[in-house]
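See below for the structure under consideration.
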Amino acid sequence: MARLDVAALPGDGIGPEVTRAALEVLHLVATVGGHELRVTEWPIGWAAIEAGRGPLPDETRDACRAAPAVLVGAVGDPRAGDRPLAERPVTGLLALRRALGCFVNVRPARVSEGHLRFSALRAERARGVDLVFVRELAGGLYYGEPRALDGAEGRAWNTLRYEAEEIERIARFAFETARARRGRLTSVDKANVLETFRLWRATVDRVATDFPDVELEHMLIDRAAMELMVRPAQFDTVLTSNLLGDILSDQAAGVVGSLGLLGSASLGGESDLYEPVHGSAPDLVGTDRANPIGAIASVALMLRHTFDLVEEAALIERAIDAVLAAGHHTADLSSPDGDPTQALGTTALTKRILARVREATPAPA
Ligand code: NAD
Ligand code: IPM
Ligand code: MN
């Protein structure tokens with residue numbers, strides 16, 4: 001029996017809807033496993049800005065530091081308009097990642113045989129896709145200084161900067177990840193044009209000497225984007241910088257079927273942060289159409305990585321797989337020419353997943 005302390009940050013848009021679904025699944029798994037679950041909720045993003053607290057209130061940050069695991073729904077609201085970055089919802093999430101020191105973002109993307117039909121690709125291309133992005137999360141273009149927007153002068157700039165140590169620590173994590181999987185690592189960069197990525201490549205090569213059992217390949221980002229469409233099953237572990245991983249992981253979501261399917265784990269800091277890959281989807285708020293699977297998959301990652309509850313994590317992942325394989329899905333996974341009325345709402349799909357978890361759990365003696 002374990003004690004599961006979780007800080008939940010539902011955030012904006014569909015964030016609260018998918019967080020609620022994920023917490024229901026977490027609650028069920030905790031109950032059947034006899035674990036003690038304690039969840040507290042905190043504001044972030046637009047919800048916090050509206051309350052006059054800024055995008056990341058101090059009490060939210062402190063609660064996240066104190067809890068071993070944090071679950072974020074999503075941040076972002078059209079009402080933020082063109083406010084400066086410091087007053088925007090995304091700044092709350094960026095500041096939180098930084099405050100916790102989470103420099104690793106793990107984003108798995110898998111197409112199992114039962115959900116081939118949901119892929120944006122033809123079955124023969126999507127078959128066998130089982131990859132994981134190891135995305136650098138605490139540096140790069142997102143945080144580089146100097147940065148500024150001088151609208152009056154019609155000028156703006158950002159800085160793509162990495163220290164060798166930052167590249168080395170994320171590269172080590174990626175090599176370890178690849179070693180525990182199929183032993184293949186693809187490091188993505190733009191070393192043919194940008195100095196930062198020349199350092200990236202040289203540093204990854206240096207780290208590689210400690211991992212002779214891992215097969216390393218460097219790939220330029222433009223080609224990687226193409227390979228992900230044409231031969232996605234070739235990838236095992238994919239190491240990327242902050243921005244390139246952001247982009248490629250949304251693309252991989254399309255390979256799996258929808259942005260609503262992928263979960264992620266942000267690791268390496270004081271607490272672990274779990275976030276679905278998608279955003280606040282303002283177009284779906286309050287319509288019961290959000291796909292909760294990305295958030296639910298994030299909870300599975302939480303059980304595995306933070307709480308070492310490998311069986312419980314697998315139980316959730318199998319339940320997701322089974323429900324999709326049985327053809328149940330939300331509207332984002334309806335085929336463009338299919339009948340959208342076949343799709344289930346957030347609540348109904350979550351119920352199917354909960355039922356599946358219950359079925360797979362032995363009844364108490
Ligand atoms: P988005 O991920 O919110 O939505 C992109 C598209 O995917 C939309 O059509 C949306 O309806 C659909 N979609 C996303 N999640 C879905 C789900 N769970 N189920 C079904 N469909 C889903 O990205 P966007 O539209 O580019 O950005 C909207 C806002 O979200 C912006 O403010 C952006 O900054 C923010 N954002 C936040 C996060 C985060 O909090 N982690 C991530 C990405 C974007
Ligand atoms: C993601 C999101 C975030 C990112 C935004 C909301 C800051 O797009 O987690 O993929 O770019 O890291
Ligand atoms: Mn993104």
Flag yes if more than 12 heavy atoms outside [X] fall under 6.0 Å of its [atom1] atom; otherwise flag no.
{"X": "Glu195", "atom1": "CD", "value": "no"}
{"X": "Lys190", "atom1": "NZ", "value": "yes"}
{"X": "Glu311", "atom1": "CD", "value": "no"}
{"X": "Arg61", "atom1": "CZ", "value": "yes"}

Rounded to the nearest 0.5 Å, how far does [atom2] of [Y] lie from [atom1] of [X]?
{"X": "Leu37", "Y": "Thr31", "atom1": "CG", "atom2": "OG1", "value": "7.5 Å"}
{"X": "Phe235", "Y": "Leu248", "atom1": "CZ", "atom2": "CG", "value": "8.0 Å"}
{"X": "Glu317", "Y": "Ile296", "atom1": "CD", "atom2": "CD1", "value": "12.0 Å"}
{"X": "Asp236", "Y": "Arg182", "atom1": "CG", "atom2": "CZ", "value": "4.0 Å"}
{"X": "Thr347", "Y": "Glu24", "atom1": "OG1", "atom2": "CD", "value": "8.0 Å"}
{"X": "Arg201", "Y": "Asp205", "atom1": "CZ", "atom2": "CG", "value": "8.0 Å"}

[X] (side chain) donor-acceptor with [Y] (main chain) under 3.5 angstrom:
{"X": "Arg356", "Y": "Leu315", "value": "no"}
{"X": "Gln234", "Y": "Arg231", "value": "yes"}
{"X": "Thr346", "Y": "Asp288", "value": "yes"}
{"X": "Arg181", "Y": "Asp130", "value": "yes"}
{"X": "Thr91", "Y": "Leu85", "value": "yes"}
{"X": "Ser119", "Y": "Leu116", "value": "no"}
{"X": "Glu166", "Y": "Glu163", "value": "yes"}
{"X": "His35", "Y": "Ala2", "value": "yes"}
{"X": "Glu17", "Y": "Gly286", "value": "yes"}
{"X": "Ser249", "Y": "Asp246", "value": "yes"}

Can you confirm whether [X] sits close enough to [Y] that some side-chain heavy atom of one is under 4.5 Å from a side-chain heavy atom of the other?
{"X": "Tyr142", "Y": "Leu243", "result": "yes"}
{"X": "Pro276", "Y": "Ser298", "result": "yes"}
{"X": "Pro89", "Y": "Ile49", "result": "yes"}
{"X": "Val6", "Y": "Leu26", "result": "yes"}

Between the side chains of [X] and [Y], does any donor sit under 3.5 Å from an acceptor?
{"X": "Trp157", "Y": "Thr159", "answer": "no"}
{"X": "Ser280", "Y": "Asp12", "answer": "no"}
{"X": "Thr203", "Y": "Tyr162", "answer": "no"}
{"X": "Gln342", "Y": "His329", "answer": "no"}
{"X": "Glu136", "Y": "Thr240", "answer": "no"}
{"X": "His278", "Y": "Asp250", "answer": "no"}
{"X": "Asp272", "Y": "His305", "answer": "no"}
{"X": "Trp200", "Y": "Ser241", "answer": "no"}

Going by an N to O cut-off under 4.0 Å, is there a salt bridge joining Asp210 and Arg172?
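Salt bridge present between Asp210 and Arg172.
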Ser266 and Glu275: CA distance, side-chain angles, deciding distance, side-chain hydrogen bond (donor to acceptor under 3.5 Å, both in side chains) verdict
CA-CA 8 Å; Ser266 302; Glu275 334 166 16; 3.1 Å; yes
Carefully, step by step, assess Leu199 and Phe197 under the rule side-chain contact (heavy atoms from CB on, under 4.5 Å).
CA-CA 5 Å; Leu199 181 68; Phe197 284 117; over 6 Å; no
Do Arg169's NZ or CZ and the ring of Phe103 fall within the cation-pi criteria of under 6.0 Å and 45°?
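Checked: cation-pi criterion met.
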Does Arg98 make a cation-pi contact with Tyr143, if we ask for NZ or CZ under 6.0 Å from the ring centre and within 45° of the axis?
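Yes; both conditions hold, so Arg98 lies above the ring face of Tyr143.
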Who passes salt bridge (Lys or Arg N to Asp or Glu O under 4.0 Å) against Arg289, sequence neighbours left out?
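Once residues adjacent in sequence are excluded, Arg289 has no partner under the salt bridge (Lys or Arg N to Asp or Glu O under 4.0 Å) criterion.
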side-chain contact (heavy atoms from CB on, under 4.5 Å) assessment of Asn242 paired with Leu137:
CA-CA 5 Å; Asn242 203 342; Leu137 199 65; 4.0 Å; yes
